[in-house]
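Structure first, commentary second.
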Amino acid sequence: MSRPSHDHVRHDPAHDATGDSTHHHAHEVHAHDRHAGHSVSMFRGKFWLSLALTVPILIWGHVLPRLLAYTPPHLPGAAWIPPVLGTAVFAYGGWPFLQGAAREIRDRLPGMMTLIALAITVAFVFSAAVTLGFPGMPLWEELATLVTVMLLGHWLEMRAIIQAQGALGELARLLPDKALRVRVEGDAEHVDEVPVSQLREGDIVLVRPGARIPADGIVRSGESGVDEAMITGESVPVGKREGSRVIAGTVNGAGSLRAEVTGTGERTALAGIMRLVEKAQSSRSRAQALADRAASLLTWIALGAGAATFAAWMIAGAAATTAIERLVTVLVIACPHALGLAVPLVLAISTTLGARAGLLVRDRRGLEQARNLTTVVFDKTGTLTLGEHRVVALRTAGNLSEDEALRLAAAVEHDAEHPVARAIVHSATERGITAPAADAFDALPGRGVRAKIQGRELAVGGPNLLASLGVTPPPELAPFAEAASARGQGVVYLIEGSAILAAFAVADASRPESAEAVRRLHDAGLEVVMMTGDARVVAEAVARDVGIDTVLAEVLPRDKASEIERLQRQGKRVAMVGDGVNDAPALVTADVGVAIGAGTDVAVEAGDIVLVRSDPRDVARIVNLSRASYRKMVQNLWWAAGYNIVAIPLAAGVLAPWGVLLSPAAGAVLMSLSTIIVAINAQLLRRVPL
């Protein structure tokens with residue numbers, strides 16, 4: 001697997017944070033292909049001006065005075081108000097549709113812009129001809145209303161799309177504009193406020209309480225809790241102290257931190273997230289391709305239906321005005337707007353929801369496939385387990401409490417560097433146990449360590465230490481030690497003189513959330529498999545601990561992809577969850593690849609989806625989001641298709657014998673309502689619990 005190309009989108013987060021309108025406009029353009037070169041503000045401005053021009057057209061037109069039975073105010077040249085203002089509305093308000101139609105025709109992909117442009121052009125040419133002497137009733141009111149309603153619909157549509165795709169903008173705004181850079185000159189410390197863009201790796205920055213962290217870095221002094229919710233989705237502040245990593249854009253809590261900058265600009269975790277979100281929003285899904293084909297087909301159906309409608313009304317002896325009005329109504333009402341919006345809006349919202357929840361969708365097809373999964377395969381180390389040793393169980397002899405035994409053992413091991421020593425010390429720290437200082441520390445090579453703790457001479461070590469001292473575990477500890485060894489766990493003992501005070505089982509500890517993650521997947525009807533290179537006895541112990549169904553143990557890294565293929569040959573739809581580096585071949589082979597990523601690792605391109613906070617419970621959330629998104633897409637597609645099946649015959653005039661005829665303006669309103677209904681239904685996806 002390769003890292004993502006930085007050429008795909010050039011981001012300068014510090015620059016983005018200033019609210020650069022050019023970048024925002026570029027993003028708007030990218031959001032919707034048929035609106036290339038358009039913006040929300042452009043449609044909004046054209047709508048309001050067109051509306052202002054349409055009002056006098058309606059007042060001095062033919063339809064409204066007849067319907068409301070009033071006489072328009074008499075003005076010199078009032079008869080020219082509808083033609084002149086109608087022409088202005090057509091040229092000014094209709095220009096985006098004419099422009100879009102020209103682009104579609106040039107690309108040989110006629111679509112909704114072609115239909116709209118054809119409808120308003122037919123209405124304009126016919127009305128102009130009538131105004132200049134051709135017999136019939138002009139359609140200036142219908143033309144102006146049609147253009148205005150279309151502008152309103154496109155304004156609302158584009159605004160919905162841009163809001164749904166706002167993840168990048170939200171992320172860009174996380175970075176502050178300024179940073180406090182610390183300079184040390186002799187014994188004096190100077191703090192300068194500088195633009196974030198001037199920070200370089202190795203600089204020391206001061207992060208005051210409540211401020212945003214300006215760059216990725218490592219804490220060099222201070223303690224605080226940092227709110228990383230906008231990056232990881234984790235609502236609980238994360239404790240930071242010397243040596244802890246901090247992420248650009250996160251919010252410092254009540255403490256003050258001094259951090260050494262390790263990443264700026266495109267090398268920050270935030271920039272990596274932005275690249276992944278951008279790539280996800282530009283990737284096409286199968287559902288999107290299906291909707292596009294359906295919209296293209298509907299365009300040709302609408303053109304055919306319009307021509308047939310015009311011919312039928314002319315053959316039936318209707319006036320040219322009536323036939324053209326029917327033609328315009330069919331072209332307008334059949335615009336596949338709702339169909340074109342049904343899938344993209346759902347996908348945009350789902351991508352944004354995922355980003356906010358710490359699920360970075362790198363490829364939408366992965367999210368789309370997740371609803372069909374039958375099996376989830378987890379890598380063990382670092383995924384279901386912490387990837388670090390901990391005391392996973394302990395047993396004491398006599399009246400010694402577990403906390404006291406761990407306190408004494410941590411004190412003895414405090415200065416040792418062995419992984420087992422680190423496991424005991426970390427386990428004590430995580431329990432909130434403070435170890436006393438040790439005296440006369442002495443390492444016993446191959447056996448363990450010993451030290452004097454508060455006047456007591458204690459030692460910690462494994463079976464070799466017991467053998468050298470000539471002691472054996474007492475009856476209350478021996479079964480515990482044998483059971484731990486049978487599970488592939490290491491066992492060390494706390495010894496005072498010739499008395500064994502406690503036994504500790506040390507192993508790669510399961511994540512606290514792993515059991516719940518497996519349970520959630522089971523509740524969703526999925527089989528859960530663990531695949532690891534560890535010995536079977538170790539793997540099965542972890543599997544029992546978290547509730548795994550199937551264990552694939554002693555699998556070499558190069559064979560993991562083959563195991564995924566074997567499961568697929570059994571007819572299973574497989575997701576692989578791994579660290580994104582060692583498991584890259586398996587991630588690519590799986591139907592859905594889910595990469596565990598934390599901090600700067602989110603920039604690693606591996607799999608289809610990245611779990612920012614490395615929480616295995618988020619795999620079930622991926623499945624839930626995929627299923628909910630699919631339901632919304634199906635609902636929208638059925639609505640859009642069903643609407644056209646009913647609306648096209650109605651617009652053509654099949655109910656005319658019963659006095660039911662839709663005007664072009666009414667057709668435009670119905671078409672816009674259909675689009676709005678699809679947009680509202682897509683927005684309801686935000687309410688789905690993940």
Side-chain angles (χ1 to χ4, degrees), residues 9 16 18-57 85-107 109-121 123-124 143-170 172-173 278 281-282 295 331-332 335-338 340-341 344-345 348-349 352 665 668-669 671-676 678-679 682-683:
V9 177
D16 286 349
T18 64
D20 183 282
S21 61
T22 303
H23 169 74
H24 180 65
H25 178 70
H27 179 54
E28 284 187 3
V29 169
H30 184 68
H32 214 181
D33 289 340
R34 70 169 177 270
H35 290 318
H38 301 161
S39 68
V40 173
S41 58
M42 182 271 286
F43 274 115
R44 181 176 61 238
K46 284 185 177 291
F47 163 72
W48 286 116
L49 184 53
S50 297
L51 178 63
L53 295 175
T54 299
V55 171
I57 295 174
L85 297 185
T87 300
V89 170
F90 171 74
Y92 174 73
W95 179 246
F97 307 114
L98 299 173
Q99 206 175 30
R103 189 164 47 246
E104 288 179 351
I105 293 170
R106 186 172 61 247
D107 295 339
L109 292 170
M112 55 194 70
M113 288 300 201
T114 303
L115 290 181
I116 298 171
L118 187 58
I120 63 176
T121 301
F124 171 74
L143 168 63
T145 306
L146 179 56
V147 170
T148 303
V149 171
M150 287 293 182
L151 287 170
L152 174 62
H154 280 69
W155 170 27
L156 296 177
E157 174 193 349
M158 280 201 73
R159 190 173 69 171
I161 289 273
I162 297 304
Q163 286 174 346
Q165 294 182 322
L168 282 178
E170 291 176 11
R173 285 191 291 272
E278 178 84 11
Q281 291 183 339
S282 64
L331 292 176
V332 169
C335 283
H337 246 222
L341 190 62
L345 190 53
I349 291 172
T352 303
V669 170
M671 189 277 293
S672 294
L673 280 176
S674 173
T675 303
I676 290 169
V678 165
Q683 294 291 344

Give, for atom [atom1] of [X] and atom [atom2] of [Y], the distance between the pair rounded to the nearest 0.5 Å.
| X | Y | atom1 | atom2 | value |
| --- | --- | --- | --- | --- |
| Thr87 | Leu53 | OG1 | CG | 11.0 Å |
| Leu98 | Thr121 | CG | OG1 | 5.0 Å |
| Phe97 | Lys46 | CZ | NZ | 9.5 Å |

Looking at side-chain heavy atoms only, is the closest gap between Trp48 and Leu151 below 4.5 Å? no
Might you work through the side-chain contact (heavy atoms from CB on, under 4.5 Å) test for Tyr92 and Val147, ending with a clear yes or no? CA-CA 10 Å; Tyr92 174 73; Val147 170; over 6 Å; no
Provide the closest heavy-atom pair for Ser50 versus Gly93 in the form atom of the first, atom of the second, distance. OG-CA, 3.7 Å
Scanning both residues in full, the closest heavy-atom pair of Ile57 with Ala144 reads CD1-CB, 3.7 Å
Is it true that the side chains of Thr148 and Thr54 contain a donor and an acceptor less than 3.5 Å apart? yes
Classify the ring geometry between Phe124 and Phe90 as parallel (under 30°), tilted (30 to 60°) or perpendicular (over 60°). parallel
